[in-house]
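Notes for the one structure printed next.
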Amino acid sequence: MSVVLPRTARLPINRCNLPADILGGLTFQRSPVALELDGVAQFHRGLFNLLDKINDAKERANAFIMHMNASFYLDEPEQAGYTAKATHKREKADYLRMVRGWSFDADGREGAALKGWVESRFGLLPRHHGGQIRDLSGEAYRRYLEMRATALYGTNALESQFDLLYTYCQHELTRLHPGETHLTLYRGVNRVDDHETLATLDDKHRVVLFNSLSSFTANRERADEFGDYLLTAQVPLAKVFCYTRLLPGMLQGEDEYTVIGGLYEVSIAAY
């Protein structure tokens, strides 16, 4: 069965090395390649050259945090143009706060910022944000755009911070899983039909169009706590935006992975 990513779920352009219809399709899930955001690794090549020389994961994480702070003046907001007279105090709206906010409420302002980043960089449109998004002229999409704009307003190159976080995550995954292309991840749900099914392969397998960004876990028992059905997917490493142990204190969930969307073939088990 041939299932393709709907035109209404993608943009014609993006900012990485593959178009949205390819990276968001089943072919990519089955045979993934590395995804590279335009210019990020090149602009920060000094950081990645340094990381290649560090064998300890905690030391690499510390080096990344220091580089992020220096690149975006996260510890010196006045250097980025913030003043005490500013009417919008957004200097603390950095990548860590956004990822934590996403983990707490995927349909909140932080979630809108991250889904907007996926839309901009990978060309994958959100399918849900506080409600289904199917009509780009509809109320749900307009509300998402407002929340996205509010989340990004007055911040210090927040989407560029996400760019660097994703690229660092990919660098770490390559070191942790040499020669591997996929992770087996799980997602617990109460209503399977709430997910956008594009094809039913058999009683236990479907092709699902996931939201532009979704949470999974590597812990099957943990996923059981979130619903009566368990979705299991082979997720390309290239589609992992971040995960719990990437940086100290970034996410509180157990073995949580934040995954870029598109089409996935999944297996379904009921409890």
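The residues of the chain are indexed from 1 along the displayed sequence.
- Between the CG atom of L124 and the CG atom of N14 there is a distance of 8.0 Å, given to the nearest 0.5 Å.
- The distance from the CD1 atom of I268 to the OG1 atom of T200 is 7.5 Å, given to the nearest 0.5 Å.
- Salt-bridge check for R206 with E196: failed, with every basic side-chain N at 4.0 Å or more from each acidic carboxylate O.
- More than 12 heavy atoms of other residues, nucleotides or ligands sit less than 6.0 Å from atom CG of D56.
- The existence of a salt bridge linking D255 and R220 is excluded, since no basic side-chain nitrogen approaches an acidic carboxylate oxygen closer than 4.0 Å.
- Taken to the nearest 0.5 Å, the CG atom of L96 stands 8.0 Å off from the CG atom of L165.
- Between atom SG of residue C242 and atom CD of residue Q170 there is a gap of 11.0 Å, rounded to the nearest 0.5 Å.
- Here the CH2 atom belonging to W117 is positioned 8.5 Å from the CZ atom belonging to F162, to the nearest 0.5 angstrom.
- Residues forming a side chain to side chain donor-acceptor pair (under 3.5 Å) with D38 (at least two apart in sequence, or on another chain): none.
- Salt bridge E159/R121: present, at least one basic N to carboxylate O contact under 4.0 Å.
- Ring orientation note: the planes of Y166 and F241 are close to parallel, at an angle under 30° on the 30°/60° scale.
- For the side chain to side chain donor-acceptor pair (under 3.5 Å) test, no residue two or more places apart in sequence or in another chain qualifies with Q29.
- Results of the side chain to side chain donor-acceptor pair (under 3.5 Å) test with Y144 over K115, H129, E119, H128 single out E119 as the only residue that passes.
- For an aromatic pair to be called close, the ring centres must be under 6.0 Å apart, and Y257 with F216 fails this.
- In this structure, G111 and W102 approach most closely via the heavy-atom pair CA-CE3, 3.8 Å.
- Proximity of a side-chain donor or acceptor of R148 to a complementary backbone N or O of A112 within less than 3.5 Å is not detected.
- Contact annotation: the side chain of L136 approaches that of L125 to within less than 4.5 Å [non-hydrogen atoms, C-beta and beyond].
- Sorted by first then second residue, the ring pair (Phe, Tyr, Trp, His ring centres under 6.0 Å) pairs that include residues 5-50, not counting sequence neighbours, are H44-H67, F48-H171.
- Between E110 and R100 there is no salt bridge, since no side-chain nitrogen of the basic residue lies less than 4.0 Å from a carboxylate oxygen of the acidic one.
- Without hydrogens or angle criteria, T167 side chain to D163 main chain gives a donor-acceptor distance under 3.5 Å.
- Applying the 6.0 Å contact sphere to CZ of R7 captures no more than 12 heavy atoms from other residues, nucleotides or ligands.
- When atom types are taken as modelled, the side chain of N211 and the backbone of H195 share no donor-acceptor pair closer than 3.5 angstrom.
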request  = Test R142 against E139 for salt bridge (Lys or Arg N to Asp or Glu O under 4.0 Å), laying out the working first.
outcome  = CA-CA 5 Å; R142 184 190 62 78; E139 175 66 20; 2.4 Å; yes
